[in-house]
Amino acid sequence: MNIVILLGAPGSGKGTVAARIAAADSSVMHVSSGDLLRGAVANGTEAGKEAKSYMEAGKLVPDALVARMIADRIAEAPDGSTMLLDGFPRNLAQADILDETVRAAGASIRSAVLLDVPDDVIAGRIAGRLTCPKCKAGYHVKNMPPKISGKCDKCGAELTVRKDDNPETVKDRLAVYHSQTEPLVERYSRAGLLRTVPGTGPVEEIAEAFRAAM
Ligand code: AMP
């Protein structure tokens, strides 16, 4: 099993791109730490109860909590598959944990692909973002509207706005990204694993550039 790490600010389009690539290739799976955590919160698990307040404040949840969830997914991934890891690692300590988890599982990190999007574009993307709570499909009121207003094209569920997508929390999430996650760009660059893809323009073109880079 090999892993492609998705790097990029909140709202850079990691989830959208990963979902497209995974939908077109059955050997590729999309694992999003944010989706795993939101699922745990929705199900009221112990991990979810612990994560909830950090997530609502736009802060990172404790490393061990999220690392455990990711390790479980890596352990159960079929041989020969590719995992698009979206949202993990989020800081240098998590990158160390990932290296260890990957080694123990006999897997490898194939590349780390940065979706490069300027902060001012990010703010506009997050304002207007809609998510399907059931199948996790993502939409945007202007850039990627659903066919029927407020309803998921794929499963028909009522679309929601993520609690942490309000302007105040987005500011905190971007600050956390720049201070804690951005150093990973340097780390994976030094390891010879970094690829950078411009994250602006039509989604299909971004996904194509991502596919070529990964
Ligand atoms: P995301 O959907 O990736 O934007 O993540 C939403 C929220 O979940 C983040 O703001 C964090 O509170 C939490 N989260 C997701 N992934 C991680 C991670 N790798 N480490 C710590 N917290 C995370």
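Atoms within each ligand, like the ligands themselves, are counted from 1 in listed order. Atoms considered below: every heavy atom in the structure, side chains included; atoms not considered: hydrogens, waters and symmetry mates.
- Of the candidates Arg173, Met55, Arg90, Arg90 is the only one forming a side chain to side chain contact (heavy atoms under 4.5 Å, CB included) with Leu60.
- Counting only heavy atoms of the protein, atom 22 (N) of ligand 1 lies nearest to Val61 N, 3.1 Å.
- For the pair Arg38 and ligand 1, a heavy-atom separation below 4.0 Å is found.
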Query - Test side chain to side chain contact (heavy atoms under 4.5 Å, CB included) applied to Ile5 and Ile3, step by step - result: CA-CA 6 Å; Ile5 297 167; Ile3 292 175; 4.1 Å; yes
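- The contact set between ligand 1 and Ser33, taken as ligand atoms under 4.0 Å from a residue heavy atom, comprises 15 (C), 16 (N), 17 (C), 19 (N).
- Which of Arg173, Lys163, Arg90 comes nearest to atom 5 (O) of ligand 1 through a heavy atom is settled by distance: it is Arg90.
- Exactly one residue among Thr16, Val4, Val28, Leu6 makes a side chain to side chain contact (heavy atoms under 4.5 Å, CB included) with Ile21. That residue is Val28.
- At a heavy-atom distance under 4.0 Å, only side-chain atoms of Arg162, from C-beta outward, approach ligand 1.
- Proximity of Asp63 to ligand 1, defined as any heavy-atom pair under 4.0 Å, is not found for any part of the residue.
- Counted by atom type alone, Thr169 and Asn166 present one or more donor-acceptor pairs between their side chains at under 3.5 Å.
- Residue, atom and distance of the protein heavy atom nearest to atom 20 (N) of ligand 1 are Gln94 NE2, 2.9 Å.
- With respect to Glu204 and Arg20, a salt bridge is recorded, a charged nitrogen being found less than 4.0 Å from a carboxylate O.
- Of all atoms in ligand 1, listed by their number and element, those nearer than 4.0 Å to a heavy atom of Gly87 are 16 (N), 17 (C), 18 (C), 19 (N).
- Within 6.0 Å of NZ on Lys52 lie no more than 12 heavy atoms contributed by other residues, nucleotides or ligands.
- Taking the charged nitrogens against the carboxylate oxygens, Asp99 and Arg187 do have a contact shorter than 4.0 Å, which makes a salt bridge.
- The pair Arg129-Asp165 meets the salt-bridge criterion, since a charged nitrogen lies less than 4.0 angstrom from a carboxylate oxygen.
- Considering backbone and side-chain N/O atoms, Asp86 never comes within less than 3.5 Å of an N/O atom of ligand 1.
- The Leu60 neighbourhood of ligand 1 comprises atoms 21 (C), 22 (N), with distances under 4.0 Å to a heavy atom of that residue.
- Here the heavy atom of the protein found nearest to atom 8 (O) of ligand 1 is Met55 CE, 3.5 Å.
- Here the protein heavy atom with the shortest distance to atom 23 (C) of ligand 1 is Leu37 CD1, 3.8 Å.
- Inclusion of Lys59 in the set of residues having an N or O under 3.5 Å from an N or O of ligand 1 is warranted.
- No side-chain N or O of Asn43 forms a donor-acceptor pair with one of Thr45 less than 3.5 Å apart.
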